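I'd like to ask some things about the structure below.
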Amino acid sequence: GTSKVSWNHIGLHSASVGSLILTPSFLQWASSSTSNDDTVVTTKKIPAANIKGCMWSVFGRTGYLRVQIKPGSDVRASEWRLDGFPEQDYSKVCDAFESLYNIKVSKKNVSSGGASFGTTDINNGFLVFRESILAEEEGEAEGGEEIISLELAEVSQCVLPGNNRNEIEIQFHESDTVEQGTDQLVQIRFYVPPDPEADPTDKESSTAAELMQQAIVTQASIRSSTGNVIVKFDETQGTFLTPRGRYTIELFYKYLRLRGNKYDYKIKYDDISRLFLLPKPDDYHMAFVIALDKPIRQGQQRYQYLVMQTNKSPSELEILLDEETLQKEYGGELQPLMQGSLSNLVAKTFKVVTKKKVFVPGKFASANQHACVKCALRANEGHLYPLEKQFVFIHKPAVLIRFDEIESVEFQRFSGNAGSTRNFDLCVALISSGAELGTKEYVFSGIDRSDYAALYSFLSGKRIRIKNLQGGGMDGEGTGVVQPLYEEADRAEAETLDDDDEESSEDDDYNSADASGSEESKGSDDGSDDKGSDLES
C-alpha cells in the first residue's frame with residue numbers, strides 16, 4: 001500500500017501554514033514559517049492509533065479536512081482542522097486515510113447561503129451554529145447545515161455586553177504567532193431571542209442569553225482553574241480605577257485571576273512587565289499599578305496598565321499554603337498570616353509570588369513633599385510620578401514613559417511676564433522610531449508653579465535634555481530667576497552619585513528584607529528618608 005503521502009501549503013487552525021505528511025504510524029503537520037522564538041510549536045503529530053475519524057468539506061475552491069482525535073491521547077486537541085487542499089484532491093485524501101489508517105473519510109456540507117440566524121448546540125467542547133430549517137407544520141426548528149463551529153477552548157471571555165440581557169459576546173485568545181497584517185477573529189456576538197412566554201420584567205430568572213452564556217463559560221472552563229489559590233484579595237480590597245470596577249484577585253503559582261461581575265481575566269506572570277506602588281497625595285490611599293506586556297480587553301477598549309486603589313489601613317492576610325511549601329517555593333518571604341498595611345501586603349505578596357520587582361518613588365519631592373505633581377493629560381486630571389528611571393501618570397489613561405525613550409522635555413507657559421499664569425505645562429517628546437511620522441509627545445498641563453523648581457532640578461539631575469533652558473524662570477512677582485539647582489561643578493558630582501545609586505536601586509525597588517508578619521517599614525534601597533519612598537504602615 002501507500003507508505004507516505006504529503007501536501008504543502010496546508011494551514012492548521014490555531015497555528016500557521018505548513019506541510020502535512022501521512023505515514024502508516026502517524027499524521028504530522030510541520031510549520032513552514034521560520035521563527036527564532038522557541039515557544040512557537042513548529043511540528044505536531046497524531047499517532048495513527050489515536051485517529052478517530054475524518055471529515056472533508058469544500059468551501060469556495062478549497063478543501064477542508066477535520067481529523068477527529070480519540071480522547072485520552074497525548075494530543076490535547078479533540079480535532080485538527082486543516083485547510084488549503086486542492087478541491088480535486090478528495091479521492092487522494094480518501095485513498096490515503098483508507099490505506100494508511102483504515103478510516104473512511106465522510107463528506108460534510110457547510111452552509112454557504114449566508115444565513116445569519118440558526119440553532120446552536122454546545123457539546124464536546126464545541127459551539128456549533130447551524131442553519132435553521134422550519135418544519136411545514138408548527139414545531140421545533142431543525143438544525144440544517146453547519147454555519148460555524150467554534151472550539152470553546154479558544155474562548156477567553158464570554159459576557160453579556162452592557163445591560164443587554166439578550167446578547168452574548170464571545171472573545172477569543174489573541175495569538176502572538178500570526179504574521180503582521182493577518183486578520184484574527186477576536187470576538188463574535190450572538191443575539192439570543194428571549195423566550196416569548198417569559199415575563200420581560202422578571203429580573204430574577206435567567207434569560208435564554210444568560211443560560212447560553214453560563215453553558216459556554218462552563219464548557220470553556222474560563223472559571224475553572226487548575227492549581228491552588230495562594231492568596232486572595234476580595235472585591236472590597238480589589239477596587240480598580242482602570243479597568244473601573246471591583247474585582248476579586250486570586251494569585252496562583254504561574255498566573256493571577258481577576259474576577260468581576262461581568263469580566264473574568266487570567267493574566268500570566270510572564271505577561272507582567274513591572275509593578276509600581278505609588279502613594280497618593282492624601283497620605284492614605286496608594287495606587288498599585290500592574291503594567292502588562294499584553295493588554296487585557298473589554299469590548300473595544302484595551303488596558304495595558306491596571307491601576308488598583310488600595311490604602312494604608314492595618315490589615316491581616318492569610319497565605320493559603322503551609323509553612324514548608326512557603327519556605328521551599330518562596331524562601332520563607334511569606335508567612336501563613338501576614339500583618340501590616342493593606343497596600344504593603346498587596347505589594348509584598350505580588351512581589352514574592354509573581355517574582356517581579358515593585359518600584360516605588362525615589363528622591364523626587366514636590367513643593368508639598370509629595371512624590372507626585374498634580375496635572376492633566378489631555379482632558380483627564382491625574383498625578384505624574386517622576387521615578388528614578390521613568391515617569392508614571394495615573395490614572396486615566398495610565399501612561400508609563402521610560403527616561404531612555406525621552407528625546408527632550410520642555411517647560412511651557414511659564415515665562416515670567418506680568419500676566420503669567422499660576423500653572424505651567426511639561427511637554428515630554430519621545431525619541432522617534434524612524435517608522436513614525438513626527439515626534440510623539442505628551443503634554444502634562446496645569447502643574448502648579450510651586451512645583452517648577454523641584455521638577456527642573458530632578459530632570460537636570462537625570463541628564464534629560466531640557467529644551468528651553470535659556471528662557472529664565474517663573475519670576476512673575478519679580479522674585480528673580482529660579483536657577484537650576486545644580487551648578488556645573490555640582491552637576492558632575494551629582495551624576496557620579498546618581499550612577500552609583502542607579503546600580504543599587506532600579507527605581508527604588510520595594511525592599512522587603514525585614515518582612516516579618518508585623519508592621520514593617522520598607523524604604524527604598526538607598527536608605528533615603530520619607531520623601532514618598534518609605535512605605536511605613
Side-chain angles (χ1 to χ4, degrees), residues 225 227-243 246-259 265-280 285-294 296 303-313 315-321 325-326 329-361 385 387 392 394-395 398 400 506-517 520-525 533 535 537:
S225 308
N228 300 328
V229 180
I230 295 167
V231 64
K232 181 174 177 176
F233 297 97
D234 66 37
E235 59 177 28
T236 59
Q237 300 166 312
T239 307
F240 279 80
L241 301 175
T242 31
R246 291 183 176 274
Y247 291 85
T248 301
I249 305 167
E250 293 172 340
L251 299 184
F252 292 82
Y253 182 58
K254 293 270 190 193
Y255 61 88
L256 67 94
R257 295 202 86 93
L258 295 181
R259 299 180 190 277
Y265 294 103
K266 175 178 172 179
I267 298 167
K268 293 182 188 149
Y269 298 149
D270 289 348
D271 293 337
I272 295 177
S273 59
R274 50 193 53 187
L275 303 165
F276 299 93
L277 185 64
L278 308 170
K280 291 282 190 79
H285 287 104
M286 306 281 279
F288 187 65
V289 182
I290 303 168
L292 303 174
D293 289 328
K294 284 188 202 157
I296 60 171
Y303 296 100
Q304 190 164 2
Y305 303 105
L306 313 183
V307 183
M308 177 186 174
Q309 172 118 311
T310 169
N311 58 58
K312 295 183 177 179
S313 59
S315 300
E316 277 193 352
L317 181 65
E318 195 181 344
I319 308 291
L320 308 171
L321 292 175
T325 314
L326 285 173
E329 290 293 341
Y330 301 112
E333 284 196 65
L334 298 176
Q335 289 72 43
L337 187 66
M338 310 270 289
Q339 293 174 321
S341 68
L342 178 60
S343 54
N344 275 0
L345 294 175
V346 169
K348 180 73 199 285
T349 48
F350 264 85
K351 177 183 173 166
V352 175
V353 177
T354 67
K355 299 181 169 59
K356 304 280 178 180
K357 286 185 172 178
V358 174
F359 295 120
V360 298
Y385 291 80
L387 304 186
V392 177
I394 55 174
H395 76 101
L400 191 152
E506 263 209 24
D507 259 342
D508 292 334
D509 179 24
Y510 172 83
N511 176 21
S512 45
D514 55 342
S516 67
E520 65 255 6
S521 133
K522 305 186 186 72
S524 54
D525 290 11
S533 60
L535 307 178
S537 310

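All residue numbers refer to positions in the sequence shown, counting from 1. Values in this document were obtained by computation on a predicted structure and should not be read as measured data.
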Original post:
When you look at L317 and V231, which way does the side chain to side chain contact (heavy atoms under 4.5 Å, CB included) test go after all the steps?
Top reply: CA-CA 8 Å; L317 181 65; V231 64; 3.6 Å; yes

Subject >> pair V360-L278: side-chain heavy atoms closer than 4.5 Å >> reply: no

Original post:
Once you round to the nearest 0.5 Å, how far does CE of M308 lie from CG of L258?
Top reply: 9.5 Å

Subject >> Ring centers of F288, F350 separated by less than 6.0 Å >> reply: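 So the answer is yes for these two rings.
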
Subject >> side chain to side chain contact (heavy atoms under 4.5 Å, CB included) evaluation trace for R259 with E250 >> reply: CA-CA 8 Å; R259 299 180 190 277; E250 293 172 340; 3.0 Å; yes

Original post:
What distance do K348 atom NZ and L334 atom CG have between them, rounded to the nearest 0.5 Å?
Top reply: 6.0 Å

Subject >> Between CG on residue L306 and CG on residue L292, distance to nearest 0.5 Å >> reply: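 Nearest 0.5 Å value for the CG-CG distance: 4.5 Å.
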
Subject >> I230 side chain near Y330 side chain, heavy-atom distance below 4.5 Å >> reply: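 Yes, close enough: below the 4.5 Å cut-off.
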
Original post:
Do the non-hydrogen side-chain atoms of F359 and L277 ever get within less than 4.5 Å of each other?
Top reply: no

Subject >> Heavy-atom pair of closest approach, residues Y303 and P243 >> reply: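 Where Y303 meets P243 most closely, the heavy atoms are CE1-CB, 3.6 Å.
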
**OP:** Say whether, by atom type as modelled, one donor and one acceptor occur between the side chain of K232 and the main chain of L251 under 3.5 angstrom.
**Re:**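 Such a contact is absent between K232 side chain and L251 backbone.
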
**OP:** Could you tell me whether a side-chain N or O of Y269 sits under 3.5 Å from a main-chain N or O of V353, the two making a donor and an acceptor?
**Re:** no

Subject >> T325 (side chain) donor-acceptor with L321 (main chain) under 3.5 angstrom >> reply: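 No, because the side chain of T325 does not come within donor-acceptor range (under 3.5 Å) of the backbone of L321.
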
Subject >> CZ on R274 to CG on D293, rounded to 0.5 Å >> reply: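 Going from the CG atom of D293 to the CZ atom of R274 covers 9.5 Å.
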
Original post:
Looking only at heavy atoms, what is the nearest atom pair of G340 and L345, with distance?
Top reply: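 Smallest interatomic distance, heavy atoms only, reads O-CD1, 3.8 Å.
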
Original post:
So L400 and F276, side chain to side chain contact (heavy atoms under 4.5 Å, CB included) or not? Walk me through it.
Top reply: CA-CA 11 Å; L400 191 152; F276 299 93; 3.4 Å; yes

Subject >> Nearest-0.5 Å distance that lies between atom NE2 in H285 and atom NZ in K312 >> reply: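 The NZ atom of K312 is 11.5 Å from NE2 of H285, to the nearest 0.5 Å.
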
Subject >> Set of residues satisfying side-chain hydrogen bond (donor to acceptor under 3.5 Å, both in side chains) with respect to Q309, sequence neighbours excluded >> reply: K280

**OP:** Could you verify whether a donor N or O on one side chain and an acceptor N or O on the other, from T239 and R246, lie under 3.5 Å apart?
**Re:** yes

Original post:
Looking at I394 and A287, what are the two nearest heavy atoms and their distance?
Top reply: CD1-CB, 3.4 Å

Subject >> Contact summary for Y305 and T242, nearest pair of heavy atoms >> reply: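 In terms of heavy atoms, the two residues are closest at O-OG1, 3.8 Å.
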
Original post:
Would you call L326 and P336 a side-chain contact if the rule is heavy atoms closer than 4.5 Å?
Top reply: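 Yes, at least one pair of side-chain atoms sits under 4.5 Å.
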
Original post:
Between the side chain of S273 and the main-chain N/O of A291, is any donor-acceptor distance below 3.5 Å?
Top reply: yes

Subject >> Minimum side-chain heavy-atom gap Y385-P279 below 4.5 Å >> reply: yes

**OP:** Taking Q237 for its side chain and D234 for its backbone only, find out whether a donor-acceptor pair lies under 3.5 Å.
**Re:** yes

**OP:** To the nearest 0.5 Å, tell me how far K266 NZ sits from I296 CD1.
**Re:**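 Output value for this atom pair is 15.0 Å.
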
Original post:
Do any N or O atoms from the side chain of K356 and from the backbone of I290 form a donor-acceptor pair under 3.5 angstrom?
Top reply: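 Between the backbone of I290 and the side chain of K356 there is no qualifying donor-acceptor contact (under 3.5 Å).
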
**OP:** Using the side chain to side chain contact (heavy atoms under 4.5 Å, CB included) rule, take Y255 and D270 through it: C-alpha gap first, then chi angles, then the decisive distance, then the call.
**Re:** CA-CA 8 Å; Y255 61 88; D270 289 348; over 6 Å; no

Subject >> 4.5 Å side-chain heavy-atom contact, L387 and V392 >> reply: yes

**OP:** Could you pull out the closest heavy-atom pair between Q335 and I319, with the gap in Å?
**Re:** O-CG1, 3.0 Å

